[in-house]
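Have a look at the structure below before the remarks.
Every chain is numbered from 1, with letters handed out A, B, ... down the list of sequences.
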Amino acid sequence: MDFVQLKKNCKKDASAFPGYRLALLGDCATQHLAMALKGAAYEEGIALSVFDADYNQLDAQTLDPSSELYEGKPQGVVLCLCTEKLYEAFTLSSDRAGFADATFRKIKGYWDRINAHLSVSILQFTFVERDDRVFGNYALKEETSFYYQVKKLNLLIAEGTRLVKNVYPVDVDSLERRLGRDKFSDPKLYAIAKMPFSLEALPLVAFETVGIVKALMGRFKKCVVLDLDNTLWGGVIGDDGMEGIQIGELGTGHAFTELQRWLKELKNRGIILCVCSKNNENTAKEPFEKHPEMILRLDDISLFVANWHDKASNIRYIQKTINIGMDSIVFLDDNPFERNLVKQTVEGITVPDLPEDPADYLPYLQSLNLFETTSYSENDRDRTKQYQAEIGRILLEQSFESFDDYLKGLDMVAEAKSFDPFHYPRIAQLTQRSNQFNLRTVRYTEAEIEKIAGDERYLTLYFTLKDKFGDHGLISVVILEKRERELFVHEWLMSCRVLKRGMEEFIVNKMIETAKEYGYASVVGEYIKTPKNAMVETIYAKLGFTDRGDHTFVADCATFQPNKTFIKE
Amino acid sequence: MERNEILEKLNEIFRDVFDDDSITVTEETTSSDIEDWDSLTHITLISEVEDEFDIKFAMKEVVGMKNVGEMVDIIEREA
């Protein structure tokens, strides 16, 4: 897509798209970039409005509390700083070895000022790492060379974005390397108009930036659905057999190995991998189980669908089962016919047109930059496990005649224990976060939980639950207050993840048992209404308590009939 | 390439860049004849012409061009 097309997009009606307000600040001419950004956003289905500050207004816009930047309340601010200007400043600097540090402090100053006035995301362009060839290759060895300092500055920016969480790097430098310096900029455009990017480079810069905006708006890829034959390995498993498919050392196998390695890296980053193949299931699974050179194994795949249905239906099934948006799914298939079918009948899905030669699959996919993200945590690494457990439960539910049979088949085991120091943080966190399944919504800090755990007037319980697919961990908290002849349920909350599996029943049974054990005649519960906890308004009545009419409920220990549950202790 | 051929191609580029199919350029056309022809669009125009004819304008040509005819002169010489 060239710049003129993007420019034309600016005139088109984008009002049906979700909007995003961007401010663009630069130390160079940014008018063309502003148009390219708007046009690229239109291509991605975003109605982008761009406040394009005048040339070199960085200080004025960030220092003045009533500047257009601050008055406009943008959602994102792009800081477009160019290497040409940086070089000018470098040549005037007397402390060359400290130039990168000093410049980073200045840039960090922009971030801090913006953050003091706005609640925004900051998109910081990296500097194009150009060598002025004053030192030749020796520049890398010489701290006072421009090349050394600009490389160092980019690294400082990268480190800075790790500390200032709302700043996201836009790696413009990598774009120049991809396109080549001669194409990325046109020296006469900078000389005449202070434009650091050529018209050929602008769409590249714009789409890269808009990609991050998309991710900030919550639109990013979560799942890759994979065809098998001639996509994950060379050949056809049904015809060629385990010994005949090309993966690893055999034939063109290396290209497929490289692709699988990359997919496994994506999986470790938190991208869900699924299989959608026209094959017999056992045949299709065999390489994942037994082929010594396969990189991907069955436990890397969250959902494995191999049958003879059409792929569009299978993809819809996958999407429903893992319960994510179709626009967060990427479908990889070597066969143009299948790709077309899916493109035309499955709305929203991304279907890259894989090149003919499998050797080009990986570079092509990498060039698309499909997996832009604005966050990454340790938790993402376990996502495949979490999905596999959840999908296992859904598939089991579908295979049973009755819900009771399903619950029985889950082999659920719960634990009930008094609060212990190891769990204080999690218990406090749950009391602060739970809104829906929370009877009285009393919030506690960790220190308060510790106090209650040691207070003779209370009995405390926390509950854990696991089933054959995985461990849910600590999912419910109960605090019972000792009154004369009754136990009063001071706190009861539960994570909604384990709703309707018999856990509520299990917990109430446990409350009664506890009361009996300590010699109390009854248990009294109370419901305090909040805007969010309507789901538990009648829970005590449903589980065998008598409604006393004043939002309190009583259960008599002597006559109480334990609720049915398939959870074992 | 003949001058009228060049002019014909230029006409297409002008219509594309200014997003206006009613434009017809002649050798005498100047920036004051086309409403949107400002310094910003001039740069877009120059880049598009370079691309189409596979030439590079020199800096002084970009700033010194008086009318479309001069653009045709350069293209005729370079392409």
Residues of residues 186-213 of chain A with any heavy atom under 4.5 Å of a heavy atom in chain B: A/Asp186, A/Lys188, A/Leu189, A/Ala191, A/Ile192, A/Ala193, A/Met195, A/Leu199
Residue-level contacts of residues 22-42 of chain A with chain B, using a heavy-atom cutoff under 4.5 Å: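 Within residues 22-42 of chain A, near chain B: A/Gln31, A/His32.
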Point-to-point distance, once rounded to the nearest 0.5 Å, from CG of B/Asp51 to CZ of A/Phe3: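 Result: 13.0 Å between the selected atoms.
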A/Asp2 CG to B/Thr44 OG1 distance, which is reported to the nearest 0.5 Å: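 Rounded to the nearest 0.5 Å, the CG-OG1 separation comes to 10.5 Å.
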If you count the non-hydrogen atoms of other residues, nucleotides and ligands that lie under 6.0 Å from [atom1] in [X], is the total more than 12?
X        : atom1 : value
A/Asn137 : CG    : no
A/Lys12  : NZ    : yes
B/Asn4   : CG    : yes
A/Gln366 : CD    : yes

Test ring-ring contact (aromatic ring centres under 6.0 Å, His included) applied to A/Phe99 - qualifying residues, sequence neighbours left out: A/Phe90
Side chain A/Lys7, main chain B/Val17, donor-acceptor under 3.5 Å: yes
Identify each donor-acceptor pair in which a side-chain atom of residues 123-130 of chain A lies under 3.5 Å from a protein atom, sequence neighbours left out, and give them as a table.
residue	atom	partner	partner atom	Å
A/Gln124	OE1	A/Trp111	NE1	3.0
A/Thr126	OG1	A/Asp171	OD1	2.9
A/Thr126	OG1	A/Val172	N	3.0
A/Thr126	OG1	A/Asp173	N	3.1
A/Glu129	OE1	A/Lys151	NZ	3.1
A/Glu129	OE2	A/Asn154	ND2	2.9
A/Arg130	NE	A/Glu176	OE1	3.4
A/Arg130	NE	A/Glu176	OE2	3.2
A/Arg130	NH1	A/Glu84	OE2	3.1
A/Arg130	NH2	A/Glu176	OE1	2.7

